[in-house]
Amino acid sequence: MARKVEVLYLRLLIETASPQRRPFLFNDSPIKRWSYGYLCPLTIRYPQVMSLKRSTVQQLLSSQELDREVLVKGWVRTRRGNKYVQFIAVNDGSIIHNIQVVADAEKFPEEDLKYVTTGSCVAIRGKLVASQGKGQTVEIQAAEITVLGKSDAEAYPLQKKATSLEHLREIAHLRPRTNTFGAVLRVRHALAFAIHDYFNKNGFFYVHTPIITGSDAEGAGQMFRVTTLSPEHPPRTADGSVDFSEDFFGKQTNLTVSGQLEGELAAMALGSIYTFGPTFRAENSNTARHLAEFWMIEPEVAFNELEENMDLAEDFLQSLVKYALEHCADDLAFLNEQYDKELLGRLHFVVDNAFQRLTYTEAVEILKSAKQKFEFPVDWGTDLQSEHERYLVEKHFKKPVILTNYPKEIKAFYMKLDDDGRTVRAMDVLFPGIGEIIGGSQREEDYTKLTTRMAEMHVPTDELDWYLDTRRFGTAPHAGFGLGFERLVLFVTGMSNIRDVIPFPRYPKNAAF
RNA sequence: GCUUCCUUAGCUCAGCCGGUUAGAGCAUCUGACUGUUAAUCAGAGGGUCCCUGGUUCGAGCCCAGGAGGGAGCGCCA
């Protein structure tokens, strides 16, 4: 009852106040503490605002239609001016640029404008006009300014000036409001969309492989356990070990480290498939290139052999970079200017030049005869170190490299054995600054050879009998690869830490937000 | 997990060889300015020098332990 009376009183106040005064009465009222259910009917009191459809900043900045009434809503980046004229830069995330709102300060007294501060959220109705000042072509002459959400300028953590990426990581809930993260997140979206677009246009089917897996034989690293058992008092078997038959799935389960094995099953029926989903690795990796939770794209194609797998990887990567260059020009220009002056040049180079293909054995020869001294020696049979990969990509070839035919000992059990019996049909795509962006292979389709490799590498065959069935019934050559999505975003944005290209990074000792 | 560097105002960072009351720019507040572009100009307020202990007449600075963060390496995508 008391609330109802208060609402009626406020309506009366608002309706009898001058038009400029209304929004501020509204914002100062105790009603702001109440639910949106109460806020909505009150905002209907502004018929001009409601009858006007909101335009995005992106739409307004590219508009040719001037001298018309528009409504824009967004967050204030800066406000400046004097007692006669005020300039408010508003950003709504639709584009990296702000729209400049010009307010006649005599119409909007300082007392009313004081809540229009950096970080506050505003709705502005006004006329879209050609700008009188330099720096922008259009601007809005404000007729009405409504503060939708105040922001205490003293407490707001984002400043007009540069804030370090490390500090932004600690306030990851607010960093999308910065130019940098706005740009990164828009590029990230564009790349995700481009991936689906590429596969769809090329006859691939999107397959959803499970996030929770019952097999711990995927062979791609430490896994996170999924359980509903009590951590303090789990049920025990007679010999004292934890009784997982009592667990939710009746067995031990984990978060997936790869969708590949299930992807292969689908490829052996649908022909060309891809997965694009979250992947989890419980490795204690503390680097700028690793996350505990990341997104991976894994295409798998029946009848493809190693050569065709490489063709697909190269065309795929070039198409994605090209898409970003075409669709994210403003964001990439900003990142190029702000962080990495060679970014755009590098992206164009990747699109325009064929990747260098060579075997592991050839790479070892090049590294052995290299004049540069390495911290770790190069030896046939050992895996290449980061410094070796970087030498090949950045110094020797100066272009993306695809390394193939690695020694079988350093690669996974499912990779197809070469005729010499020493190497497998693996391929790693190495990118400048990133290292391994893609890892893949032609798969071993021969049942006997596959089970022999599994025995040698102590991979339990009974747990993977479903996987082996593809080799038992109508087996076929097939190949695929995994692309780390964040590593792609890292490359395209020119950021240097993978924690800065995912909204809420997960890494050892950190699961905030 | 290993190596190494860092932690000083809300933010970015100075702070000499261990020596008086710890500084600057931005932000905030007050004032000035009729078209600004990270506006500008003048003034004011703002500090657990990451924490704990030690050395010293005296510690932001030296030593030990801890916490948080960065970079490099390993594992990988």
request  = Could you check whether A/Glu375 gets within reach of a base, just the sugar-phosphate, or nothing at all, counting any heavy atom under 4.0 Å?
outcome  = nothing
message = So, does A/Arg499 get its side chain near the phosphate of B/G70, meaning an N or O under 4.0 Å from OP1 or OP2?
response = yes
inquiry  = Determine whether the aromatic ring centres of residues A/Tyr206 and A/Tyr274 are separated by less than 6.0 angstrom.
reply    = yes
request  = Nearest whole angstrom, please: distance from the C1' of B/U36 to the CG of A/Asn98.
outcome  = 14 Å
Nearest-neighbour nucleotide for the A/Gln385 side chain, B/C73, B/G35, B/C76 considered = B/C73
task = Would you indicate, yes or no, if B/G70 has its OP1 or OP2 atom less than 4.0 angstrom from a side-chain nitrogen or oxygen of A/Arg169?
result = yes
query = Are A/Phe87 and the base of B/G35 stacked, counting only ring centres nearer than 5.5 Å and planes tilted under 30°?
reply = no
ask   = Side chains of A/Arg425 and A/Asn309: is there a donor and an acceptor less than 3.5 Å apart?
value = no
key: Note: A/Asp330-A/Arg186 ion pair, threshold 4.0 Å (strictly below)   = no
query = Can a side chain N or O of A/Gln222 be found less than 4.0 Å away from OP1 or OP2 on B/C75?
reply = no
query = Centres of the A/Phe276 and A/Phe485 rings: under 6.0 Å?
reply = yes
task = Figure out the CD/P separation between A/Gln136 and B/A38, and round it to whole Å.
result = 10 Å
task = For A/Asn510, check side-chain hydrogen bond (donor to acceptor under 3.5 Å, both in side chains) against everything at least two apart and list the hits.
result = A/Tyr507
query = For B/U12, does either OP1 or OP2 sit under 4.0 Å from a side-chain N or O belonging to A/Ser164?
reply = yes
Side-chain N,O (A/Arg390) to OP1/OP2 (B/C73) below 4.0 Å = yes
request  = Using the six-membered ring wherever Trp is involved, compare the ring planes of A/Phe316 and A/Tyr198 and label them parallel, tilted or perpendicular (cut-offs 30° and 60°).
outcome  = tilted
inquiry  = Tell me if the centroids of the rings in A/Phe280 and A/Phe294 come within less than 6.0 Å of each other.
reply    = no
Measure all distances between protein nitrogen or oxygen atoms and nitrogen or oxygen atoms of nucleotides 1-5 of chain B, and list the pairs falling under 3.5 Å.
residue: B/G1; atom: OP1; partner: A/Asn284; partner atom: ND2; Å: 2.9
residue: B/G1; atom: N7; partner: A/Asn286; partner atom: ND2; Å: 3.3

message = Does B/C11 have its OP1 or OP2 closer than 4.0 Å to a side-chain nitrogen or oxygen of A/His167?
response = yes
query = Taking only residues two or more places apart in sequence or in another chain, which ones pass side-chain contact (heavy atoms from CB on, under 4.5 Å) with A/Tyr84?
reply = A/Asn82, A/Glu106
message = By the 4.0 Å heavy-atom rule, please label A/Ile438 as base, sugar-phosphate, or nothing.
response = sugar-phosphate
ask   = For the pair made of CG in A/Leu483 and P in B/C76, what is the distance, rounded to whole Å?
value = 18 Å
query = Are A/Tyr414 and A/Tyr467 an aromatic pair by the rule of ring centers under 6.0 Å?
reply = no
key: Contact list for residues 399-413 of chain A, test side chain to side chain donor-acceptor pair (under 3.5 Å), sequence neighbours left out   = A/Asn405-A/Asp418, A/Tyr406-A/Asp428, A/Lys411-A/Asp428
inquiry  = Given B/G69, B/G74, B/G70, identify the nucleotide with an atom nearest to the side chain of A/Asn497.
reply    = B/G70
Grab the N/O contacts between the protein and nucleotides 41-43 of chain B below 3.5 Å, and write none if there aren't any.
none

ask   = Looking at A/Arg80, does any N or O in its side chain come under 4.0 Å of the phosphate oxygens OP1/OP2 on B/G35?
value = no
request  = Between A/Glu387 and A/Ile498, just flag the one whose closest nucleotide in RNA chain B comes earlier from the 5' side.
outcome  = A/Glu387
request  = Figure out the CG/P separation between A/Leu320 and B/A77, and round it to whole Å.
outcome  = 18 Å
ask   = Which part of the nucleic acid does A/Gly81 contact within heavy-atom distance under 4.0 Å: base, sugar-phosphate only, or nothing?
value = base
message = Under 4.0 Å, heavy atoms only, any strand: does A/Glu106 hit a base, just the sugar-phosphate, or nothing?
response = nothing
task = For A/Glu298, report the nucleic acid contact type (base, sugar-phosphate, nothing); a contact means any heavy atom under 4.0 Å.
result = nothing
remark   = Annotated structure of RNA chain B as dot-bracket, pair cut-off 3.5 Å, Watson-Crick or G-U only, | for inter-strand, is (((((((..((((.....[...)))).(((((.......))))).....(((((..]....))))))))))))....
Residue whose nearest RNA chain B nucleotide is more 5′ - A/Gln132 or A/Leu384 = A/Gln132
N/O (side chain, A/Lys83) to phosphate O (OP1/OP2, B/U34) under 4.0 Å = no
